[in-house]
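Read the structure below first, then the notes.
Heavy atoms only: backbone and side chains are in, while hydrogens, waters and symmetry mates are out. In this chain, numbering begins with 1 at the start of the sequence shown.
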Amino acid sequence: MKQKAVALRYDSKKENSPRVLAKGEGHTARNIIKIANEHNLPIKKDEDLIELLSKVELNKEVPENLYKAVAEVFSFIYRITKDK
């Protein structure tokens, strides 16, 4: 199975929900992960969620049916970055 990655962006002051900023598999996924690491962005591995998010068009908001799962990711990110 090829590696997959999805990058999300969320600016609560400008957007109603997170957006899919980048997505891909194989080489593209490795580049997304590399760029995240270079910028010290947190990474959460969730293969099921990646499968669902990879179906969302680029720069489109995450659909409501995925809010709960995405909220869990953002909660994880908050927990690991709040002390930094």
Side-chain angles (χ1 to χ4, degrees):
M1 181 192 315
K2 283 189 177 182
Q3 182 177 27
K4 292 184 179 183
V6 175
L8 299 176
R9 175 190 73 202
Y10 182 52
D11 183 344
S12 62
K13 294 175 183 149
K14 296 179 182 178
E15 301 169 326
N16 294 323
S17 66
R19 292 183 180 273
V20 173
L21 185 60
K23 63 181 182 174
E25 58 183 56
H27 180 71
T28 302
R30 287 188 295 278
N31 278 338
I32 291 169
I33 294 166
K34 179 182 175 212
I35 290 167
N37 284 325
E38 288 171 353
H39 293 276
N40 295 316
L41 297 172
I43 296 173
K44 169 103 169 85
K45 186 174 182 177
D46 185 329
E47 292 176 12
D48 294 333
L49 184 56
I50 288 172
E51 278 300 316
L52 295 169
L53 288 173
S54 66
K55 295 177 177 135
V56 178
E57 289 183 46
L58 286 177
N59 206 35
K60 295 291 183 185
E61 290 185 352
V62 170
E64 278 188 50
N65 63 326
L66 297 179
Y67 280 4
K68 184 176 186 302
V70 171
E72 290 172 8
V73 171
F74 280 98
S75 175
F76 163 80
I77 291 168
Y78 174 76
R79 283 193 310 274
I80 65 170
T81 61
K82 71 176 182 174
D83 296 327
K84 288 186 178 182

Requested in this report: Examine L58 and Y10 and state if one hydrophobic cluster contains both, with Ile, Leu, Val, Met, Phe, Trp and Tyr joined whenever side-chain heavy atoms are less than 4.5 Å apart.
Outcome: yes
Requested in this report: State, to 0.1 Å, how close G24 and I32 come at their nearest heavy-atom pair, and which atoms those are.
Outcome: N-CD1, 3.9 Å
Requested in this report: With rounding to the nearest 0.5 Å, note down the distance linking NZ in K55 to NZ in K23.
Outcome: 10.5 Å
Query raised in the report: In Å and rounded to the nearest 0.5 Å, what is the CZ to NZ distance from R19 to K60?
Result: 8.0 Å
Requested in this report: Specify the closest pair of heavy atoms between E51 and K4, including all atoms of both residues, with the distance to one decimal.
Outcome: OE2-NZ, 2.7 Å
Query raised in the report: Considering residues, nucleotides and ligands other than E57, do more than 12 of their heavy atoms fall under 6.0 Å from its CD?
Result: no
Query - Under 3.5 Å: donor-acceptor pair, side chain of K2, backbone of G26 - result: no
Query - From K68 atom NZ to L49 atom CG, the distance as rounded to the nearest 0.5 Å - result: 11.5 Å
Requested in this report: Treat each ILVMFWY residue as a node, draw an edge where side-chain heavy atoms are under 4.5 Å apart, and state whether L52 and F76 are in one component.
Outcome: yes
Report summary line: On a heavy-atom basis, the closest approach of Y67 and S17 is OH-CB, 3.5 Å
Query - Separation of I43 CD1 from N37 CG (nearest 0.5 Å) - result: 4.0 Å
Query raised in the report: What are the two closest heavy atoms between V20 and L53, and how far apart are they?
Result: CG2-O, 4.1 Å
Query raised in the report: Going from CZ on R9 to CD on E61, what distance comes out if it is rounded to the nearest 0.5 angstrom?
Result: 9.5 Å
Query raised in the report: Pick from L21, V56, I77, V62: which one makes a side chain to side chain contact (heavy atoms under 4.5 Å, CB included) with L8?
Result: V62
**Report entry** Salt-bridge criterion met for E72 and K44 (N-O under 4.0 Å)
**Finding:** no
Query raised in the report: Any donor and acceptor pair, going by atom type alone, linking the side chain of S54 with main-chain N or O of I50 inside 3.5 Å?
Result: yes
Report summary line: All heavy atoms of A5 vs all of A29, minimum pair found to be N-CB, 3.6 Å
